[in-house]
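Taking it in order: structure first as structure tokens, then the write-up.
Atom set for the values below is all heavy atoms of this structure, side chains included, hydrogens, waters and symmetry mates excluded. Start at 1 and go down the list; that is how both ligands and their atoms are numbered.
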Amino acid sequence: MSADGAKPRSLDREGERSGRLSFAAVRYHLTSFGCQMNDHDSERMRGVLEEIGYRESASRDDADLILFNTCTIRGSADDRFMGNLGDAHRVKRERPDVVVAVGGCWAQSQQRMVFEQFPFVDIAFGPGEVARLGELIARERIDSVGAFSFDGAFSGGLPARRDRPHQAWLQISVGCNCVCSYCIVPTVRGRERSRTAREIVEEARGLAADGVREITLLGQNVNAYGRDIPKDERATFAELLGMVAGIDGIERVRYTSPHPKDMREDVIRVMAETPEVCDHLHLPAQSGSTRVLKRMRRTYSRERYLDLVHRLRDAIPDISLTTDLIVGFPGETDEDFAETLSLVREARYDGAYTFIYSPRPGTEAAEEMQDDVPAEVKRERIQALVELVQVTARERAQRFVGSTREVLVEGPSRNDAGRLRGRLSQNITVNFAGTAEPGTFARVSITDATSTTLGGVEVAALAAARG
Ligand code: 5AD
Ligand code: SF4
């Protein structure tokens with residue numbers, strides 16, 4: 001906080017003459033990094049702030065509160081954040097009254113060291129403390145504050161400001177009990193904790209009543225859901241999927257990210273038998289080499305992973321599969337990498353996120369293994385992988401061309417406002433000519449495909465044009 005201790009801005013009451021309690025427009029600027037879990041936490045941060053009278057400002061220069069929701073999954077996430085934090089420092093030098101708050105995974109990884117390294121930061125808090133944001137801001141008037149526990153309320157219960165009217169995330173669990181040797185998430189998000197099925201279904205009903213048509217269930221290891229809840233009180237993940245899918249008004253249910261080791265047969269069955277549960281699965285493989293998977297502590301082999309892929313394809317023939325892959329893990333040989341390439345061919349992914357291994361301080365891989373794959377080799381490998389994924393995805397996308405599909409309309413197309421944008425159950429974006437309203441389903445004749453998007457024409461619109 002500023003040296004004089006006086007913080008004259010924030011929450012000054014106005015409007016008393018009219019007898020209404022309202023607040024002067026105090027403004028916040030939020031930058032969110034990282035995964036969907038963070039995006040979802042950011043919706044909650046916006047909701048909490050707006051409930052206590054803050055309004056969002058388009059620029060840091062106009063903000064009373066500069067807030068970051070950070071990620072630390074790879075070194076590149078830290079680097080991106082550092083650039084932005086430098087900009088906040090500039091604003092703080094110009095206007096010492098501005099409050100700088102840093103939440104999320106990077107903050108959790110640094111804890112109180114944040115204040116030593118970056119003395120201009122007023123508030124630092126971990127991803128488990130989103131519910132306390134209002135309280136932290138109030139306390140900051142007295143002293144700089146840090147909060148890093150994992151036992152706070154689920155952010156899923158907080159007010160939210162959602163920017164997509166027909167689609168919503170729903171957090172079903174937080175934390176992760178896995179011990180993947182490269183991964184910082186268990187350190188920064190804590191152990192797995194599940195919300196009760198009753199709470200989740202209640203939230204889903206509320207979303208449906210608000211006009212939401214598509215819900216994505218979120219958890220760091222989403223399909224491990226419920227293991228921390230007493231047996232007689234818990235629903236299985238498969239049951240939970242069925243319950244959410246059964247809610248009136250909910251037309252689509254997705255979930256992310258599952259761990260292959262926790263992918264049970266009953267979940268595959270519910271996916272196959274429940275029309276509302278989408279035909280898409282993001283199934284992180286990380287590597288195609290059993291030897292590397294073992295060193296990553298993923299607890300499955302290449303063969304077991306592929307067996308799961310084949311069972312999914314047998315049960316849900318039209319499923320689209322996407323994945324995460326890491327290249328350059330310590331000890332990865334040319335042969336190991338060739339196995340990752342062949343996994344991509346065999347699993348026939350519709351898309352993949354590809355990453356160069358990044359040692360994260362404190363993880364087993366960073367502390368106990370040599371980061372021995374040369375940078376040049378890592379670059380070559382990722383390039384070859386990206387090219388193969390693109391080829392595979394483009395081939396896969398061709399299966400839609402010439403067919404008519406249901407598209408949930410999201411709004412105008414991003415690069416052509418005259419067209420509409422929506423998504424298939426398979427999670428592939430379709431840009432199309434048509435007149436359907438956002439939040440409704442359009443029947444779209446698919447006419448063309450790239451590796452990432454499809455193009456088409458709404459069937460009714462097509463009939464009108466012909467007629
Ligand atoms: N280096 C590179 N990629 C990583 N991921 C997680 N940790 C690391 C790391 N240390 C990738 C994994 C994970 C995705 C979210 O990020 O592929 O599934
Ligand atoms: Fe980043 Fe992982 Fe935290 Fe998500 S959970 S914000 S990916 S570090």
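- Taking the six-membered ring for Trp and thresholds of 30 and 60 degrees, F120 and F118 have ring planes more than 60 degrees apart, a perpendicular arrangement.
- Put simply, the side chain of N69 gets close to the backbone of N38: a donor and an acceptor are under 3.5 Å apart.
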Could you walk me through whether Y225 and Y255 satisfy the ring-ring contact (aromatic ring centres under 6.0 Å, His included) test, starting with their C-alpha distance in whole Å, then the side-chain angles of each, then the deciding distance to 0.1 Å, before giving a yes or no? CA-CA 11 Å; Y225 170 80; Y255 60 96; over 10 Å; no

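- Listed as neighbours of ligand 2 are C35, N38, C71, T72, I73, C105, V185, R189, Q220, each bearing a heavy atom under 4.0 Å from the ligand.
- Between the side chains of S149 and E129, at least one donor N or O sits under 3.5 Å from an acceptor N or O.
- Relative orientation of the F329 and Y182 rings is perpendicular, given thresholds of 30° and 60° on the angle between their planes.
- Proximity of a side-chain donor or acceptor of D350 to a complementary backbone N or O of L321 within less than 3.5 Å is detected.
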Taking it one step at a time, do T31 and R60 satisfy side chain to side chain donor-acceptor pair (under 3.5 Å)? CA-CA 10 Å; T31 316; R60 285 188 192 127; 2.9 Å; yes

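- Checked by atom type and distance alone, the side chain of D372 pairs as donor or acceptor with a backbone atom of G331 at under 3.5 Å.
- Two residues are said to be in side-chain contact when any heavy atoms from C-beta on lie closer than 4.5 Å; D78 and R360 meet this criterion.
- Protein neighbours of ligand 1 below 4.0 Å, counting non-hydrogen atoms: I73, R74, Y182, Q286, D324, I326, F355, I356, Y357, S358, R360.
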